[in-house]
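Read the structure below first, then the notes.
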Amino acid sequence: MKPEYNPTEIEQNIQREWIENNTFKATPDDREKFYCLSMFPYPSGKLHMGHVRNYTIGDVISRYKRMNNFNVFQPMGWDAFGLPAENAAIANKVSPKDWTNQNIEHMKQQLISLGLGYDWSKELRTCEPEYYKWEQLIFKKFYDKGLVYKKKSMVNWDPVDETVLANEQVIDGKGWRSGAQVEIKEIDQWFIKITDYADELLTSLDEVDWPENVKTMQRNWIGKSHGAEIKYEIEDSDECLTAFSTRPDTIFGVSFLAISPNHAISLDLADKNELIKDFLDKCKEVKAAEADMAKAEKLGIDTGLFVLHPITKKKIPVWIGNFVLLDYGTGVVMGVPGHDERDFEFATKYNLEINQVIISDEQDELPVIQTGKLINSAKYNGKSSEDASIEIIEDLEKLNLGERLVQFRLRDWGVSRQRYWGCPIPVVYENGEPRILDEKDLPVKLPDLKENSPPIPLSQNQDFYNLSNELKRETDTFDTFMDSSWYYARFTSADNNDDMFDKNSKYWLPVDLYIGGIEHAILHLLYSRFFHKALRDMDLVEGNEPFKKLLTQGMVLKDGAKMSKSKGNTVDPQSYIEKYGADTVRLYMMFTAPPEQSLEWSESSVEGASRFMKKIWSLVNERKFEQIDEPLSLSEEEKGLRRKAHSTLKKVTSDFETRYSFNTAIAAIMELVNFIPESFKQDNASASNKFCLNEAIVIILKTLNPISPHISQHLWKGFYFDFLEEDIESSWPILREDLLEVSEFNLIVQVNGKVRGKVMVDKNLEQKDLESIALSIENVASTISNTPIKKTIYIKEKIINFVI
RNA sequence: GGGGAUGUGGUGGAACUGGUAGACACGCUUGGCUUAGAACCAAGUGCCGAAAGGCGUGGGGGUUCGACUCCCUCCAUCCCUACCA
């Protein structure tokens with residue numbers, strides 16, 4: 001009796017060999033390099049399905065590239081700082097450090113048991129001083145370059161817990177732990193001038209091979225807009241309010257100005273006016289997240305102030321609007337209710353004037369958002385929006401009341417966090433004045449917590465911050481996006497404690513393929529791109545972009561929703577690895593959906609993947625490759641199998657190479673396995689039968705190897721290696737184009753675009769011959785009957801369509 | 001509110017450049033094997049219809065000889081929205 005397929009045993013043996021032989025350790029050599037990076041995980045405790053999917057995709061591509069003679073570097077590490085460690089520490093009385101390190105140990109074993117081919121010699125953890133000392137040094141270099149500054153900025157403040165809350169810790173405006181009404185508070189924080197690179201972040205998107213939707217999201221996020229800053233003189237004052245607008249052509253339609261509740265004037269007025277003070281207090285109740293602010297009801301209050309229209313000198317009321325952001329533009333918005341949705345809503349609510357100054361062909365009901373021709377605009381009447389914008393800006397420039405301006409939506413990056421479990425910001429305060437520490441004073445180590453102490457913010461840790469009466473340490477830590485913005489580069493030199501980036505980095509960078517969740521399409525990728533450019537300008541790395549190609553995978557869903565603990569719909573990969581083996585889990589993940597799409601978890605489909613593994617097992621196990629010369633003549637059945645085998649190879653290769661469409665590649669391999677005639681598998685099959693079978697098996701095992709490497713390699717050893725000592729990963733099979741040719745094709749016959757018949761015909765026939773064959777099909781003839789044919793359309797080797 | 005996606009049988013999905021809709025798999029049905037079950041093997045399986053045939057890719061409209069694919073419009077779901085990672 002044949003031995004049964006026992007994935008656990010096979011997989012553990014092969015994984016041991018990989019470790020013993022250092023199979024995946026990568027060093028620079030003469031071959032073309034391929035740096036394949038999957039987004040490193042936050043060590044939350046155990047792998048979830050999203051990780052399994054992400055890392056399997058990376059591993060499949062890495063193994064495919066390795067078989068095609070690329071020098072592949074595939075490292076793995078840990079995004080180890082972050083909020084969950086602090087929450088766990090409070091809940092379970094474990095230190096964030098111990099909790100994190102235990103999680104890492106467990107998850108690393110899980111990654112190994114999935115058969116992922118990582119070069120563990122370059123493993124890194126962002127929570128270790130060996131990593132973050134370089135991050136602190138980069139921050140210093142940024143500072144020296146003038147890319148760092150401090151300014152006041154808004155945070156969610158829990159007045160009971162006296163702590164800053166993340167957006168996700170604010171639930172319905174209340175602190176998640178205390179339940180207290182959260183306030184928006186302004187505190188002093190460190191910022192990095194990512195906006196200095198706004199233009200380049202936009203233009204160099206053209207250089208990368210990224211999905212168009214991700215590029216679009218980044219472009220929209222950066223949000224370059226052309227417009228003008230327009231000054232409005234405040235009545236009975238020497239001061240002005242300056243508003244940015246992308247539509248200077250609508251300037252005659254301005255009926256109010258709205259200023260931010262955080263604007264200096266608002267704060268000033270609040271001191272004198274109870275109503276305004278109450279209004280500002282009300283504004284503070286809205287969560288700091290953009291989505292919440294945008295969805296909040298538009299509210300305003302009249303300041304009683306007036307400004308003068310720069311051209312007509314008409315008096316215009318100034319309002320405070322809760323929808324005006326201080327951080328964007330000037331914190332002042334010119335309200336043109338006739339031509340802006342939001343202004344229209346606001347003006348209707350507060351009975352402000354609504355004037356039409358643009359007419360459009362597309363729409364006549366206000367508000368008219370489109371550009372068009374100007375009306376009610378004095379000497380600009382009749383001009384197009386485009387021409388009028390230019391002229392109005394020019395005229396305002398002459399009056400010193402405005403200027404052309406390019407504005408970005410992108411804001412500078414606030415990197416301060418008031419937490420314990422993060423990288424300390426390497427700054428000391430001498431008599432209150434900040435000073436960045438020199439390289440020799442780095443790293444500033446995160447202090448350990450006292451036994452059984454909950455993670456207190458550094459500001460409450462006297463030993464840490466109180467260096468002397470005059471000298472205090474900065475107690476903010478970095479945003480964890482800082483940690484993940486440059487790890488891709490550090491991987492190349494992670495085992496080198498003397499250099500941030502050693503000569504290996506020149507060889508491996510940039511990352512050739514970066515794989516990760518679509519949820520990172522904006523922030524993480526934008527920050528990393530910024531880091532790379534800034535590091536480039538300090539001569540630390542080369543090239544303009546960190547990630548040449550990007551593959552964004554979709555979510556893993558269950559019952560149509562993202563798997564999450566709170567919904568209670570998580571599926572633990574571990575039990576599936578144990579029950580079915582890593583090969584089955586990997587196959588399932590790759591087969592069930594294409595990488596970019598979301599994947600709906602289905603229990604029973606895993607069974608199907610397992611069944612296919614067993615099918616391969618029973619096809620190949622205990623079979624031996626036999627040396628047989630290529631037969632000179634073959635039967636139709638044999639020719640068919642060879643054609644199928646090579647067309648499968650062609651399809652799998654192109655699916656791997658150009659589309660990362662693993663589900664269709666696997667379907668093709670399944671088709672090939674199903675296609676093999678039963679008789680070819682018999683012991684007494686003819687030599688030419690066996691030749692064709694051998695060829696098919698070689699193609700099946702090799703094309704399957706990137707996806708399910710354990711079973712492929714195990715079977716390969718018994719089947720082929722014993723015979724030729726050739727490793728399965730040493731080469732990708734060679735395609736025989738000559739075997740793919742066919743002399744016939746299936747002609748589809750349509751009448752008025754509806755299929756009425758199909759017929760196998762010789763490839764060499766002329767169109768007129770095909771027409772007569774097509775017309776002789778009974779169903780076609782009866783449909784046409786005596787109706788005259790108006791037109792005949794023939795698409796080569798596909799379709800003939802009679803139009804009647 | 002803004003930005004980006006997605007929508008095809010009972011289910012996951014395929015159709016790559018406007019040219020056979022439903023590959024491959026799951027599930028289900030019937031049969032075989034079995035004391036029984038599991039596993040495995042064989043056949044069938046979009047919907048309506050006895051059949052001929054008709055209908056069918058979220059809804060509605062359009063372009064075309066021909067539309068899952070292109071255009072307009074509406075609906076639903078998911079992701080991101082700068083302190084979750």
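These numbers come from the heavy atoms of this one structure, side chains and all, not from hydrogens, waters or symmetry mates. Lettering follows sequence order; numbering is per chain, from 1.
No donor-acceptor pair under 3.5 Å is formed between the side chain of A:T56 and the backbone N or O of A:R586.
For an aromatic pair to be called close, the ring centres must be under 6.0 Å apart, and A:F662 with A:F656 satisfies this. A distance below 6.0 Å separates the ring centres of A:F323 and A:F346.
Pairing for B:U6 is with B:A76, a Watson-Crick or G-U wobble pair whose two hydrogen-bonding atom distances lie under 3.5 Å. In a base pair of the Watson-Crick type (N1 to N3 plus N6-O4 or O6-N4) or a G-U wobble (N1-O2 and O6-N3), with each distance short of 3.5 Å, B:U45 is matched with B:G27. Base-pair partner of B:G1: B:U81 (Watson-Crick or G-U wobble, both distances under 3.5 Å). Remark: B:U34 base-pairs with no nucleotide; criterion is Watson-Crick or G-U wobble with both hydrogen-bond distances under 3.5 Å. Shown here, B:A50 forms no base pair; nothing in the strands shown gives a Watson-Crick or G-U wobble contact with both key distances under 3.5 Å. Here B:A15 sits opposite no nucleotide as a Watson-Crick or G-U wobble pair (both hydrogen-bonding atom distances under 3.5 Å).
For A:A667, taking side-chain heavy atoms from C-beta onward, the closest of the listed nucleotides B:C80, B:A85, B:C24 is B:C24. Closest to the A:V155 side chain, of the nucleotides B:C84, B:C83, B:G53, is B:C83. For A:R611, counting side-chain heavy atoms from C-beta on, the closest listed nucleotide (B:G1, B:C65, B:G27) is B:G27. Across B:G3, B:G1, B:A85, the shortest atom-to-atom separation from the side chain of A:M217 is found for B:G3.
The side chain of A:K758 places no N or O atom within less than 4.0 Å of a non-bridging phosphate oxygen (OP1 or OP2) of B:U20. A close approach under 4.0 Å does not occur between any side-chain nitrogen or oxygen of A:K215 and OP1 or OP2 of B:A5. Considering only side-chain N and O atoms, A:N213 lies nowhere under 4.0 angstrom from the phosphate OP1 or OP2 of B:C80. Between A:N674 and the phosphate of B:A25, there is a side-chain N or O to OP1/OP2 separation shorter than 4.0 Å.
Taking atom C1' in both B:U29 and B:G19, the straight-line distance is 35 Å, to the nearest Å. Nucleotides B:U11 and B:G60 are separated by 28 Å at their C1' atoms, to the nearest Å. B:A50 and B:A15: their P atoms are spaced 35 Å apart (whole Å). Look at the P atom in both B:G61 and B:U69: the space between them is 14 Å, to the nearest Å.
Side-chain polar atoms of A:Q169 and A:R177 form no donor-acceptor pair below 3.5 angstrom. Side chains of A:W486 and A:Y131: a donor-acceptor N/O pair is present below 3.5 angstrom, by distance only. A:D479 and A:W413 share a donor-acceptor pair across their side chains, judged by distance under 3.5 Å alone. A side-chain N or O of A:D412 and one of A:Y149 form a donor-acceptor pair less than 3.5 Å apart. Counting only N and O atoms by type, the side chains of A:Y580 and A:E607 include a donor and acceptor under 3.5 Å apart.
The cationic atom of A:K224 (NZ for Lys, CZ for Arg) does not lie both less than 6.0 Å from the six-membered ring centre of A:F408 and within 45° of the ring axis.
Along RNA chain B, the nucleotide nearest A:K295 and the nucleotide nearest A:T480 are compared for position; the residue whose nucleotide lies closer to the 5' end is A:K295. Positionally, the nearest nucleotide of RNA chain B for A:M670 lies more toward the 5' end than for the other of A:M670 and A:A289.
Across all strands, A:W413 comes closer than 4.0 Å to no nucleic acid atom at all (heavy-atom distances). Note on A:R409: a base of the nucleic acid sits closer than 4.0 angstrom, heavy atoms only.
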- Note on the structure: The contact string for nucleotides 7-19 of chain B, one letter per nucleotide 5' to 3', using protein heavy atoms under 4.0 Å with B, S and - for base, sugar-phosphate only and none, comes out as -----BSSSB--B
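Side-chain N/O atoms of A:Q418 and base N/O atoms of B:C83 include a donor-acceptor pair closer than 3.5 Å. Between the side chain of A:E519 and the base of B:C84, no donor-acceptor pair of N or O atoms lies under 3.5 Å.
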